[in-house]
Amino acid sequence: MELRDYLRILRAHWVALSLCIVLGVAVAFAWTLLQPKVYTADASGYVTPAQAQGQTDSSSAYVSDNLAKSKVKSYVDLGTWRAVGEHARDELGLDVSPESLVRRVSVSNPVDTVVIKVDATGPTPEAARDLAGAWIRGMQIEIESIESGGTGVNPGITLVTADSARLPSTPSSPNVRLALAIGGLVGLVVGIGYALLRFTLDRRIRSAEGVERETGLNVVGAIPEEKSFTADNRLIPFDGANTSSSRNVHLYAVSEAVRELRTNIQFMDVDNPPRILVITSPLPGEGKSTTAANLAITLAASGQRVVLIDGDLRRPMVATIFHLIGDAGLTDILAGRASFDDVAQPVGRLGTLQVVAAGKIPPNPSEILGSQRMRDLVHALSEDAVVIVDAPPLIPVTDAAVLANRTDGAIIVTTVGRTTFDALKKAQQNLERAGGRALGVVLNRVPRKGSGAAYYGYQYTGTYYRADDAASPELSPAAATATATLVPATPATALTTPTTEAAFVPEGRRARRARG
């Protein structure tokens, strides 16, 4: 992984990352509120030889200073003595043990000085200040006692109190700023760990590179997510009389993505492009029927004759998508009850697209789709038309694998952020076991923008304009130049050729019913 991959992951999980940071800061702040406040005060004194006071001889002063420096280091340890604690306790009138007072005091000697510094803590500023002052005075008494030998003679070394304890204005503990900084840092680390763990454990399809790396299959198309699609209206805009509507202009990005898919299929083999395509998916609900319908429309719009067959004899959807009659169709042709011309329903003004519904649901779909009659039918139609077969999913049933064995290959439609690599591999294996060929993978419902788009490796940019109501039937130049562009995370493998779309509009229920 490169740095941009990590940044993409963090951007995708920025909400969780922010929550972890906020939670870390909140926990740290709550911790500071629960901790007792501790104040720290200091007092100091300096060690000096008694006979050095009043001397003006420089050599004597130098000797005295060295003597004081040699003594002060040993007096630092004296600050932890029980006797000093007893002096402080008696002076302050505290009902505590000397050991507990020793734990509240720290004695130090700044380097190359004769100064002894005492830092004392307390629950209040006054308690800390009084303990520091009493402690330095207790040390003074002990030093004089040691140096005089307990005889009352003037000691050779004495500790002079240099500064009385000052009253602290703020508590030294807890350190709120430091606690908040540590809490935020811990939250950041936890958030990054969470994002990387989610990425590592997440087996859902996120990018074209992941598909190619895991399966070796090429991604031949990426269709953006379109929230306006419904069960009754999921076709791309192709009615020239309505291209000025805001919805159709908004769907222009989906149209461009399907046109790109069409071009990629045509360039799979320039000398012998596939004529019979099976559109399938690993599992139900991936959008294979919608993709098949829109691909058929786009191919027919370029002037090619296209036959769209609903080969999903378990859950047919093509007739519903085009609002056509579904009572007669493929099963009637294969059963010999009707001919192709009887059940083929023309769609569009040019007449280049014909749709064959599934017909009556049979009890043995796999045997019917794998029959010689089915093979003869699609091969006969492919002589002067591109045949697209909407097939069932690959994992639940074997219908699509059987169909792919008798056609030029299958396009596997997956849903970004939903389909897992394991499901895609399983579908690929089912296809290969049946002798079918996978022509490529289509990433469906790719997020258009935001963190999800960055995470998945695709992002649609651009502005969708609303054409004037009085605009001509063709797309306005503004809408044409505002086409949303698919930006892949890796160099695009697709070749895109601009094409002027012909006008297509379903003719409703004009199809002829097959006579049994």
Side-chain angles (χ1 to χ4, degrees), residues 31-32 34-53 62-176 178-179 182:
W31 177 84
T32 59
L34 296 177
Q35 299 302 307
K37 288 184 173 57
V38 177
Y39 294 85
T40 301
D42 64 87
S44 59
Y46 65 94
V47 177
T48 179
Q51 64 270 24
Q53 300 177 13
Y62 177 75
V63 172
S64 299
D65 185 63
N66 287 339
L67 177 61
K69 288 182 178 180
S70 63
K71 288 285 189 178
V72 71
K73 295 179 180 179
S74 60
Y75 290 153
V76 171
D77 183 63
L78 185 143
T80 61
W81 286 12
R82 177 185 175 89
V84 177
E86 290 176 347
H87 285 294
R89 181 190 61 180
D90 296 341
E91 179 179 338
L92 299 176
L94 301 176
D95 187 17
V96 294
S97 65
E99 290 79 9
S100 63
L101 294 178
V102 170
R103 288 192 292 268
R104 291 169 51 188
V105 173
S106 173
V107 182
S108 61
N109 167 231
V111 180
D112 293 331
T113 67
V114 294
V115 176
I116 292 179
K117 183 180 179 182
V118 175
D119 293 300
T121 61
T124 63
E126 293 78 8
R129 178 198 60 188
D130 295 342
L131 180 59
W135 204 267
I136 197 71
R137 288 188 290 273
M139 291 183 64
Q140 183 182 35
I141 295 173
E142 288 300 316
I143 291 174
E144 291 178 355
S145 175
I146 292 172
E147 293 298 329
S148 65
T151 60
V153 180
N154 290 335
I157 296 291
T158 184
L159 176 63
V160 179
T161 303
D163 189 14
S164 61
R166 290 167 294 188
L167 192 67
S169 58
T170 58
S172 58
S173 177
N175 190 328
V176 178
L178 179 61
I182 294 176

Next on the checklist: If I take atom CG from residue D130 and atom OG1 from residue T124, how far apart are they, to the nearest 0.5 angstrom?
Outcome noted: 8.0 Å
Item to check | Spacing of Y39 atom OH and R129 atom CZ [to the nearest 0.5 Å] | outcome: 13.5 Å
Item to check | Spacing of I146 atom CD1 and W81 atom CH2 [to the nearest 0.5 Å] | outcome: 3.5 Å
Next on the checklist: Between V84 and L78, is there a side-chain heavy-atom distance shorter than 4.5 Å?
Outcome noted: yes
Item to check | Closest non-hydrogen atom pair between D42 and A132, with its separation | outcome: C-CB, 4.1 Å
Checklist entry - Just wondering, do V107 and W135 contact through their side chains at under 4.5 Å, heavy atoms? => result yes
Checklist entry - What are the two closest heavy atoms between A127 and P123, and how far apart are they? => result CB-CD, 4.1 Å
Checklist outcome for this item: From the list N109, V115, L159, side-chain contact (heavy atoms from CB on, under 4.5 Å) with V47 holds only for L159
Checklist entry - Do you know which two heavy atoms are closest between A120 and V105, and how far apart they sit? => result CB-CG2, 4.2 Å
Next on the checklist: Can you tell whether the side chains of E86 and R82 come within less than 4.0 Å, N to carboxylate O?
Outcome noted: yes
Item to check | Working for side-chain contact (heavy atoms from CB on, under 4.5 Å), residues V96 and L101 | outcome: CA-CA 8 Å; V96 294; L101 294 178; 3.8 Å; yes
Item to check | T48/T158 under side-chain contact (heavy atoms from CB on, under 4.5 Å): CA gap, chis, key distance, verdict | outcome: CA-CA 6 Å; T48 179; T158 184; 3.8 Å; yes
Next on the checklist: Any heavy-atom pair between the side chains of P171 and V38 that's under 4.5 Å?
Outcome noted: no
Item to check | Point-to-point distance, once rounded to the nearest 0.5 Å, from OG1 of T121 to CZ of R104 | outcome: 5.5 Å
Checklist entry - Between A41 and P168, what is the shortest heavy-atom contact and its length? => result CB-CD, 4.0 Å
Next on the checklist: Rounded at 0.5 Å granularity, tell me how far OG1 in T170 sits from CG in N175.
Outcome noted: 9.0 Å
Next on the checklist: Checking side-chain contact (heavy atoms from CB on, under 4.5 Å) between V72 and each of I116, I143, T113, which is the one that passes?
Outcome noted: I116
Item to check | R137: which of E91, H87, E142 passes side chain to side chain donor-acceptor pair (under 3.5 Å) | outcome: E91
